[in-house]
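Read the structure below first, then the notes.
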Amino acid sequence: MPTARIFQRPKNAMQSGKHRTDRWQLEFEPAEAKQPDPLTGWAGSGDTRDQLRLLFPTLEAATAYCERESLDYTVVPAPTRTLKLQSYADNFR
């Protein structure tokens, strides 16, 4: 039975925008460990669910999909966003 993980993507640390952080993402847990390829040395496996990522507008839609498809799932709560207020004058105190 495949296990899925439902979470909200965090804000990109390199940019100030919050694009797609309101959506919920579903990813499958890996079924087998990745093995190095003897020829190239790249890591890979036969598990194709590793490439699949589904986006949902709400948490309820994501959980409804898992229940409809009879998937085991875990919900990872979204991290709390704290706003650090600073002013330019604080650099000179």
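Sequential numbering from 1 along the given sequence is applied to the chain's residues.
- Shortest non-hydrogen contact noted between Leu55 and Arg23 is CD1-NH1, 3.8 Å.
- The ring-ring contact (aromatic ring centres under 6.0 Å, His included) analysis of residues 35-56, with sequence neighbours excluded, yields the pairs Phe56-Tyr65.
- Hydrophobic clustering keeps Phe7 apart from Leu71 (ILVMFWY residues linked when any side-chain heavy atoms are closer than 4.5 Å, directly or through intermediates).
- Of all heavy-atom pairs spanning Ala31 and Arg49, the tightest one is CB-NH2, 3.4 Å.
- Shown here for Cys66 and Ile6, the closest heavy-atom pair between the two residues is SG-CD1, 3.9 Å.
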Exercise. Evaluate side-chain contact (heavy atoms from CB on, under 4.5 Å) for Tyr73 paired with Glu67, printing each intermediate quantity in order.
Key: CA-CA 9 Å; Tyr73 65 92; Glu67 291 171 0; 3.1 Å; yes

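- In this structure, CG in Asp47 is found 5.5 Å from CD in Glu32, a value given to the nearest 0.5 Å.
- Taking CG from Leu54 and CD from Glu27, the interatomic distance works out to 9.5 Å, rounded to the nearest 0.5 Å.
- Between Asp50 and Lys34 there is a salt bridge, with a side-chain nitrogen of the basic residue lying less than 4.0 Å from a carboxylate oxygen of the acidic one.
- There is no path of hydrophobic side-chain contacts, each under 4.5 Å, that joins Leu52 to Val76.
- One distance of note links CZ of Arg9 with NZ of Lys11; it measures 13.0 Å at 0.5 Å rounding.
- Inter-residue side-chain proximity for Gln8 and Gln25 is flagged as unmet; no heavy-atom pair is nearer than 4.5 Å.
- Between the side chain of Thr63 and the main chain of Glu60, a donor-acceptor pair closer than 3.5 Å is present.
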Exercise. Apply side-chain contact (heavy atoms from CB on, under 4.5 Å) to Phe28 and Arg5, showing your working.
Key: CA-CA 6 Å; Phe28 289 99; Arg5 181 172 62 110; over 6 Å; no

